[in-house]
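Below is one structure, written out as structure tokens, with a few remarks after it.
Keep in mind that this is a model prediction, so the values were computed, not measured.
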Amino acid sequence: MGLLTDPTTGQGKFIKILLKYYSYACMLLYIGGVIWFLALAYPTMNANTYFSENALLPGLVKSQFREDREAARYHEELLDEMNKYHDSIPYSWLLAKFNQIGLDTYTHNFTLTSPFNRKDKFSGKNVYGILRAPRGSSSEALVLSTPFRPSTSAHPPTAPSVAIMLAFAKFANREKYWAKDIIFLITEHEQVGVQAWLEAYYGVSCGSENILDHGDLRGRGGAIQAAINLELHSERIGQMDIKIEGLNGQLPNLDLFNLASKMCTKEGVYQTFKNKGPFYSRKPSKEWLNYFRNMLSMMGTQATGIPNGNHGLFHRFGIQALTLEGFEQSRAKGSNKIWFVGTGRIIEGIFRSLNNLLERFHQSFFFYLLPSSDRYISISIYIPSVCLMIGTMFIKACARWFKLQETSCKEMSTETHSPPVRIDKIITTFLVTHFFGVLVSNIPQFMSRYITSLSVYETNVKVFYPLLACLVQLLFIPLFIRMRHCRKSMELLNILAMLELGTVLICISMNNFSLGFFCAIISVPAALLVNPSSCRICSYFQRFLWFLVHPLIILTVAVMINTYFLFPEERMKEIVIRGWDATQQSVIFSIVDSMVYGNWLYGVVTNIFIPNWLCFWIVSFCVFKEDEIDTEKTEDITDKDIKKTN
Amino acid sequence: MSLKKLRIYNNLISTPRIIITCLSAIIVRYYLMMSKYQSVIANHVEVSTPLNSWKRVSEGLYLLSLNINPYEGDLLHETPLSLYLYKNILQVFQGKIHLAFITLDVTTAVVLYFTTKKFTEDLFVEEEENKATYAKDAEECFLKPDKLFKSSYYVLLTYLFNPYILFSCVGYSTTVFYNLYLSVMLFSMVHGIPVLCGVFLAIAASVSFYPVVLVLPITMYFKYAIKSHTKIIVNLTSFVVTSLLIFVLCSNFGTDFSYIRSVYGCILTIPDLQPNVGLFWYFFTEMFEHFRELFIYAFQINTTILYLIPVSLKFRKHPFLLTVAVNFIITIFKSYPSVGDVGFVLSLMPSFSHLFPFSQQGFLVGTMLVISTSLAPILYYLWIYCNSANANFYFGVTLSFAVAQIFLLTDLLFSQVKRDYMLKYGKDRKIDGEEGILCLE
């Protein structure tokens, strides 16, 4: 048995090689990871999308949707109603229409308490109708949802999607082949409405307590299998964009995406992903660049963990969902525009395919990247890129560990007395930094709950500045740590921090590959460069470098760059001011998201990344006497001399 | 070294320090049990398996109070005697189960502390006696009393602050009870109290069946460490008598055997395929039904007797290590393991601190354990709640968890072999001028 033979045979050599070349190996692996990632967009690395679930039978039926006049009439009426109620949902009209069509119609009330000011409450109302399956037992359901946007809303209008939904409901109610309930859902207040409805449907709370009161539903369908969210901005659709990125970077099943994209193609509408249609070029470099840009843009959205449409909130409940966003303007040259008939038929096609499903979506891919709407990269292809990068952390930690063992062995033999390593102290330091992380993550809740006298101030004063103050204070931690004079203790702390960083990055990239990848590509090289060193300049450089990868600094830089691209005409000063404001807003939004939707980005950053960052920060402040090193060096030299004489 | 001097060495760790450690462990446990994380931890499949979840126990107790036979359904897998014990413990603690669990867990830690203390003492005495037979240049690996006698305190520390044990205690898994039985068994074995050892072995075996195989290592211990044949006989008799007694009591004086199917049937034939940190669930979900029996035999033989005899033969001179190793094998391969079981064997590792210099894979094993432990709940969440990952992901993690444990075990056993070799033949390992390779034979 291989396991039971002596593990030392050959391993001594292995360790020697590791100790000698680990820094090169780390560098190579990191570069390898980056190259692998760049190669992902190359057509040979990704593949054409295909249908894995045969039961879907996409596009095999003859489209029968003909209710375009109804849709146009609904649209007109709805616009009239919206003029009457400027900023609320015309629910009596909607209820009347649903009832007229013959659906089980219900309303759903919910209340949102402002996370930072308990006295502020917002209430909203969702309207939904359930089409009971004539050929089933109501044990499964599909959802067609659309966000209702009043005419005062800042977002582009969605009235056409409400109209087409009503028309489709009217059409569907006449048909006898539905084996699953169809729930037609019109939500208010964008994502809050959907979140409240879903929480009420399942009777759970996802965010913090007492923030979102999800109310109760009087009518339910079966277990929801899939959901399509409509955001059509016009009666005429020239371009249909499919949005898939969900909460915490979750994605719907690739089959659902393929289905939607196939249906759009069938109806002849210019169908895009991330605003880019299918792209072919004879030049490989051009093709690569195009794919790469598209993939990066998807990863950027995914990494934030914020859903880019109402579909994103369904994913957490195991419901496959996506958004169809229709624009009148098309980026394609000379493409035709479809009217209500076409959009209705797209919806009909998707729902009739979903109706065929015998099991819930389980085939195809749940973890993928899309460089274009007809190509995909599966998890087995993309995960090595991030694993190569994260692997460097473990390799370096391993090498450092063996080096430490070696030096302690040497000391044993030469009996030089260095200060003893206090493992308990290292673990205490490690735990204390994490304790501070937990404290930081609880600041917003604490501020809003106990300091009510501050409610006159704005949220950024109340929440952001205390947070900032805490983070700045934490920068001074290393000054209070005595053991930074002990080289070995710092080495151990460094190893511990590297292992933690590696583990955390692996865990994050399993959940949200894009976030894991971006974190790895930024933090890994910096973490590789931080070592306990005696050289003054090196250590200053390390501190500066490590300071730059503080999560808040990274966020600020990212937001600044974004602002620069959004407002290129502004002057530098203006951009900095805008960027700083936007940074504050983004921090506050991420806190709000964590409290309302249960987005875990804020929690992960404060509970894990900041403590981990602090550990490295302490290591970079390591100060020890140089003579220790000198003795080591001389020892090395004498060793070499001995070898030479041998 | 005189025995008196040895005693002084062995009391390096003062009692107040131990008490403070225990107190802080109690505070940590109490805080976690009172926080909102208690139910989260208790509901994790890594902590609560069908065999040890407190939810099922309270359900069973409730059924019992309504005079319904709790073994009629497929719910309860605890023996009637343990059920009776839980009922009484609830009465003694007046329904405050968290206090009961904390008390038992800390008791286990203290028992393990005294076990290791005696073990290290015996180890040292034995080495002092045999020093004349050792090789001349083997001084390096002689036991160092100042380090060796601290290991009992480290056992206490690792048991009390081991995250696995913490989770299993906070999650109210009945593994806490099982660990107590095992620790008392080890304690009485090391102190040479055969009656107590047999009794607790019988209790542990009645709860989880697998400890039956520990009879062999314990017999080895009484034969080679204590060197008393009467004690072997006493131990075996007490084990048999207690087992019979437990059987009689559980079956309500031979009238009701329904518990056997629920308890041992469940352990041996694995009807409940809820995922856990072990290896059984995945194989038996994937397997065709008509192969099931064959593989049940294969897996159970693998757990119980496949390694038992070779390991017992090889390490008969180190019976304590042998006992821990056999227990470790059971933990890795048993049908419904939980992190509480793993934590128990891991916290015994510091008692072999004299073998650490010979071990090779400590870093690897540590990293693997950390990664697999932190990935497991995430992948479970993605699989069960988000419906995006699948069983293969989670099984990958449990597989690497098992592999890490196997590496640790083989590394530990091999360290012992290497140390023996070194003591006997010295540092030099050259055979005809070439580096020799050691083999486990």
Side-chain angles (χ1 to χ4, degrees), chain A residues 1-12 14-15 204 209 225 246-248 250-253 315-320 360-363 365-367 379 390 393-394 397-402 404-405 409 412-413 423-424 427 431 495-496 498-500 502-504 506-508 510-511 608, chain B residues 21 28 36 140 144 154 157 161 307 310-311 314 356-364 366-379 381-391 393-394 396-397 403 406-407 409-411 413-415 417-418 421 429 435-441:
Chain A
M1 261 176 84
L3 270 179
L4 296 182
T5 45
D6 187 0
T8 44
T9 47
Q11 197 168 353
F14 170 72
I15 290 172
V204 291
E209 283 170 38
Q225 308 266 317
L247 186 73
N248 293 332
Q250 239 188 294
L251 300 170
N253 192 292
H315 296 161
R316 177 217 310 262
F317 300 94
I319 304 167
Q320 310 310 320
R360 58 194 314 170
F361 279 104
H362 63 284
Q363 302 213 16
F365 298 94
F366 289 92
F367 301 99
I379 183 167
I390 297 169
M393 287 282 90
F394 292 108
C398 188
R400 288 262 153 189
W401 171 259
F402 283 120
L404 209 63
Q405 303 289 86
C409 276
M412 285 263 273
S413 52
I423 294 176
D424 49 341
I427 291 174
L431 289 179
I495 289 167
L496 213 58
M498 279 190 285
L499 287 181
E500 193 199 9
T503 313
V504 168
I506 285 185
C507 291
I508 289 180
M510 275 319 294
N511 262 304
I608 299 171
Chain B
T21 316
V28 170
K36 61 182 176 186
E140 227 177 82
K144 290 162 196 73
Y154 289 135
L157 264 185
F161 296 100
Y307 308 113
V311 172
K314 180 74 198 169
F356 287 175
F358 299 93
S359 76
Q360 292 284 330
Q361 291 156 345
F363 187 83
L364 181 74
T367 320
M368 275 172 88
L369 283 180
V370 167
I371 294 178
S372 52
T373 318
S374 42
L375 268 180
I378 286 173
L379 292 178
Y381 172 81
L382 284 176
W383 171 28
I384 298 294
Y385 295 97
C386 298
N387 200 15
S388 50
N390 54 41
F393 287 64
Y394 190 71
V397 169
V403 168
I406 294 168
F407 274 12
L409 178 61
T410 48
D411 200 21
L413 292 181
F414 208 86
S415 312
V417 175
K418 271 191 276 184
Y421 181 88
R429 228 204 281 166
E435 194 90 346
I437 296 174
L438 278 179
C439 292
L440 257 191
E441 53 189 23

Q: For ring-ring contact (aromatic ring centres under 6.0 Å, His included), just list the numbers for B/Phe393 and A/Phe367, CA-CA rounded to whole Å, side-chain angles, deciding distance to a tenth of an Å, and then say yes or no.
A: CA-CA 12 Å; B/Phe393 287 64; A/Phe367 301 99; 5.8 Å; yes
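- Residue A/Ile319 does not touch chain B at all, counting heavy-atom pairs closer than 4.5 Å.
- Neither the backbone nor the side chain of B/Leu157 comes within contact range of chain A; no heavy atom of the residue lies under 4.5 Å from a heavy atom of that chain.
- Looking at B/Thr367, only its side chain comes within 4.5 Å of chain A, counting heavy atoms on both sides.
- Nearest heavy atom pair, residue B/Leu382 against residue A/Met510, reads CD1-O, 3.8 Å.
- Heavy-atom pairs under 4.5 Å with chain B were tallied for A/Arg360, A/Gln320, A/His362, A/His315; the largest tally goes to A/Arg360.
- The structure places CG of B/Asn387 at 11.0 Å from CZ of A/Phe361, a figure rounded to the nearest 0.5 Å.
- B/Phe161 is not listed as a side-chain neighbour of A/Ile427, based on a closest heavy-atom distance of 4.5 Å or more.
- Two residues are said to be in side-chain contact when any heavy atoms from C-beta on lie closer than 4.5 Å; B/Ile371 and A/Phe394 meet this criterion.
- One finds the CZ atom of A/Arg316 at 12.5 Å from the OG atom of B/Ser388 (value rounded to the nearest 0.5 Å).
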